[in-house]
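Because the structure is a prediction, the values reported are computed rather than measured.
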Amino acid sequence: MERPLTQHITFPPLGLRQYEAVGGYQAARKAIRHMTPPEVTALVKESNLKGRGGAGFSTGMKWSFVPMDVSGPKYLVANADEMEPGTFKDRWLLEGNPHQLIEGMIVSAFAIQATESFVFLRWAYKAAAEEIRKAIQEAYDAGYLGKNILGSDYSLDMHLHTGVGRYMCGEETALLNSLEGKRATPRAKPPFPQVSGLFGKPTIVNNVETLSYIPHIVNKGAAWFQSLSHTADGGTKIYGVSGKVNKPGAWELPMGVTMRELIEEHAGGMKNGYRFRGVLPGGASTDFLVEEHMDVKMDFAGVAAAGSRLGTGTMVVLDDQTCPVGFVHNLEHFFAQESCGFCTPCREGLPWTEKLLWAIEQGQGREEDLALLASHATLLGPGNTFCALAPGAMEPLQSALKYFRDDFERHIKEQKCPYGDHIH
């Protein structure tokens, strides 16, 4: 099994000369010296690489929306602001092989003819910041960044920008506002960032995992990338599992492995004394899946057909000794805290949802609270808020009400949490 993204991850990571020794920067040389920008975009589009940040949109298609006939600067931004609860895949790539990301950014920037690029990094990733800063300087010293890269007429600068810890910056236009020094609130679309993004100029924002695939696609081709997958979605995927499993962690596997394989084989199954009850398949802002879904293929279409989203592909497992109400309350507390406050349903609705769940968890719930929670799941759902934060927050809530309703009702009937103090 080929694992292009993780085969050269080491701690500490490879320096530039070591990275070159295993084929590093060959894709940058190939693209800049022997390909045109439209050829690079066409290759990525043909590979069927879909964005690994959660949305799953075609990467090559996204690039193709950048106007190539306009003068002035264009920008490329790597979204390394990994703050989705339960998600830790990008940190692995950032700390373990920063040159792979930098090379991916160079090739991607060349494809859209960007002249400036940024790594927008989560504030807490201190080790990653140190490694990225070091790798960027090495790339400048070797002539892969700066003026006239590899003797060509193409120039690119790259900067590390550390965020200040807002989940909202996972939304690309809020990230761009933050990068401009403004409050991290989402922008109205259209215009989309590909046309009017950072400082009003054409901008592409891609996830770290997405960008890290680019050198491998350029080196080995679209057909090779598609052959790595079990499904129509091309490539491999970094999957993760956390919770009461024997071997929590992250693994690079073919896109489309089943949930059962991930949990039972790679994560070693549930710990002794714990039973599987459900899982958030793609981070905190995805709908629960349960036992009946264990053989679902973990790709964009397969998880969507089961009623959830692949998201980041990093699972959070719920066991039979953890209170589902407390579990969901913990998530809604996070989402309420992280709302940017820009639109009323999210600003007012998320704290109200969190308070209702807290009351139920504390034994003060009323029967009518379940109807109120269900109505919030609709009122804060898609199409009713300015961005996807609140609709994402409603996914674990609405699915918990569907699959674990007996637990909610038992809290209200017994006027206490039947699970004790496992999770509050």
Side-chain angles (χ1 to χ4, degrees), residues 53-54 79-91 121-125 163-171 174-175 178 183-186 240-244 248 278-288 308-309 311-319 322-362 372-373 376-377 379-382 384-401 404 407-408 417 419 421-424:
N79 186 348
D81 195 51
E82 187 172 52
M83 284 191 64
E84 179 75 10
T87 300
F88 44 89
K89 65 183 182 65
D90 293 340
R91 179 182 178 184
L121 182 69
R122 178 182 175 184
W123 70 277
Y125 282 6
V164 293
R166 292 311 308 268
Y167 176 73
M168 188 63 230
C169 289
E171 201 279 336
L175 181 153
S178 179
R183 180 180 167 194
T185 54
V241 180
S242 59
K244 297 294 189 345
V279 62
L280 300 173
S285 59
T286 56
D287 284 273
F288 278 102
S308 187
R309 293 185 301 111
T312 59
T314 44
M315 301 178 179
V316 183
V317 173
L318 172 68
D319 63 88
T322 297
C323 173
V325 178
F327 188 109
V328 175
H329 168 263
N330 191 37
L331 296 178
E332 299 308 323
H333 175 78
F334 170 82
F335 289 124
Q337 180 176 276
E338 291 299 327
S339 171
C340 76
F342 195 58
C343 65
T344 304
C346 185
R347 182 184 66 245
E348 306 298 330
L350 286 178
W352 190 254
T353 301
E354 189 262 339
K355 288 173 185 174
L356 283 171
L357 288 165
W358 179 245
I360 294 171
E361 179 67 1
Q362 293 300 301
L372 274 172
L373 287 172
H376 275 69
L379 294 171
L380 275 67
N384 295 324
T385 58
F386 207 73
C387 81
L389 191 152
M394 291 300 99
E395 291 188 23
L397 173 62
Q398 67 189 10
S399 52
L401 288 169
F404 312 123
D407 290 277
F408 285 84
C417 174
Y419 294 82
D421 295 323
H422 284 288
I423 184 166
H424 285 164

Can you find a heavy atom in the side chain of [X] that is under 4.5 Å from one in the side chain of [Y]?
{"X": "Leu318", "Y": "Pro324", "value": "yes"}
{"X": "Met394", "Y": "Pro382", "value": "no"}
{"X": "Ser399", "Y": "Ser308", "value": "no"}
{"X": "Phe404", "Y": "Val328", "value": "no"}
{"X": "Leu397", "Y": "Leu331", "value": "no"}
{"X": "Met168", "Y": "Ser178", "value": "no"}

By ring pair (Phe, Tyr, Trp, His ring centres under 6.0 Å), which residues pair with Phe335, not counting sequence neighbours?
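Expected list: Tyr167.
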Just jot down the ring pair (Phe, Tyr, Trp, His ring centres under 6.0 Å) partners of Phe408, sequence neighbours excluded, or say none.
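Partners of Phe408 by the ring pair (Phe, Tyr, Trp, His ring centres under 6.0 Å) criterion come out as none, since no residue qualifies.
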List the atom of Cys323, the atom of Cys417, and the distance in Å for their closest heavy-atom pair.
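In this case the closest contact between Cys323 and Cys417 is SG-SG, 3.7 Å.
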For [X], all residues meeting side-chain hydrogen bond (donor to acceptor under 3.5 Å, both in side chains), sequence neighbours excluded:
{"X": "Asp319", "result": "Thr322"}
{"X": "Asp81", "result": "none"}
{"X": "Thr286", "result": "none"}
{"X": "Asp287", "result": "Gln398"}

Of all residues at least two apart in sequence or in a different chain, which pass the side-chain contact (heavy atoms from CB on, under 4.5 Å) check with Thr314?
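With neighbours one apart ignored, the set is Thr87, Lys89, Thr312.
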Could you list the residues that satisfy side-chain contact (heavy atoms from CB on, under 4.5 Å) with Val316, not counting sequence neighbours?
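Listed in chain order: Ser242, Leu280, Phe327.
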Roughly how far apart are [X] [atom1] and [Y] [atom2], rounded to 0.5 Å?
{"X": "Phe334", "Y": "His329", "atom1": "CZ", "atom2": "NE2", "value": "14.0 Å"}
{"X": "Leu389", "Y": "Phe342", "atom1": "CG", "atom2": "CZ", "value": "13.5 Å"}
{"X": "Glu82", "Y": "Phe88", "atom1": "CD", "atom2": "CZ", "value": "8.5 Å"}

Looking only at atom types and distance, does a side-chain atom of Arg183 sit under 3.5 Å from a main-chain N or O of Cys340, one as donor and one as acceptor?
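Judged by distance alone, yes, a pair lies under 3.5 Å.
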Glu354 side-chain N/O to Glu332 backbone N/O, donor-acceptor pair under 3.5 Å
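Flag not set: sc Glu354 to bb Glu332 has no pair under 3.5 Å.
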Anything under 3.5 Å between a donor and an acceptor, one on a side chain of residues 344-353, the other on a protein residue two or more places apart or in another chain? List them.
residue	atom	partner	partner atom	Å
Thr344	OG1	Arg347	NH2	3.3
Arg347	NH1	Gly341	O	3.0
Thr353	OG1	Gly349	O	2.8

Any residue meeting salt bridge (Lys or Arg N to Asp or Glu O under 4.0 Å) with Glu338, in chain and number order, not counting sequence neighbours
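For Glu338 the salt bridge (Lys or Arg N to Asp or Glu O under 4.0 Å) partners, ignoring immediate neighbours, are Arg166.
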Could you list the residues that satisfy salt bridge (Lys or Arg N to Asp or Glu O under 4.0 Å) with Glu171, not counting sequence neighbours?
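Result, salt bridge (Lys or Arg N to Asp or Glu O under 4.0 Å) vs Glu171: Lys189.
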Do any pairs count as a side-chain hydrogen bond (donor to acceptor under 3.5 Å, both in side chains) and have a residue in residues 384-397, sequence neighbours left out, and if so which ones?
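Non-adjacent pairs meeting side-chain hydrogen bond (donor to acceptor under 3.5 Å, both in side chains): Arg309-Glu395.
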Ser285 and Glu84: CA distance, side-chain angles, deciding distance, side chain to side chain contact (heavy atoms under 4.5 Å, CB included) verdict:
CA-CA 8 Å; Ser285 59; Glu84 179 75 10; 2.7 Å; yes
So Asp407 and Tyr419, side chain to side chain donor-acceptor pair (under 3.5 Å) or not? Walk me through it.
CA-CA 10 Å; Asp407 290 277; Tyr419 294 82; 2.6 Å; yes
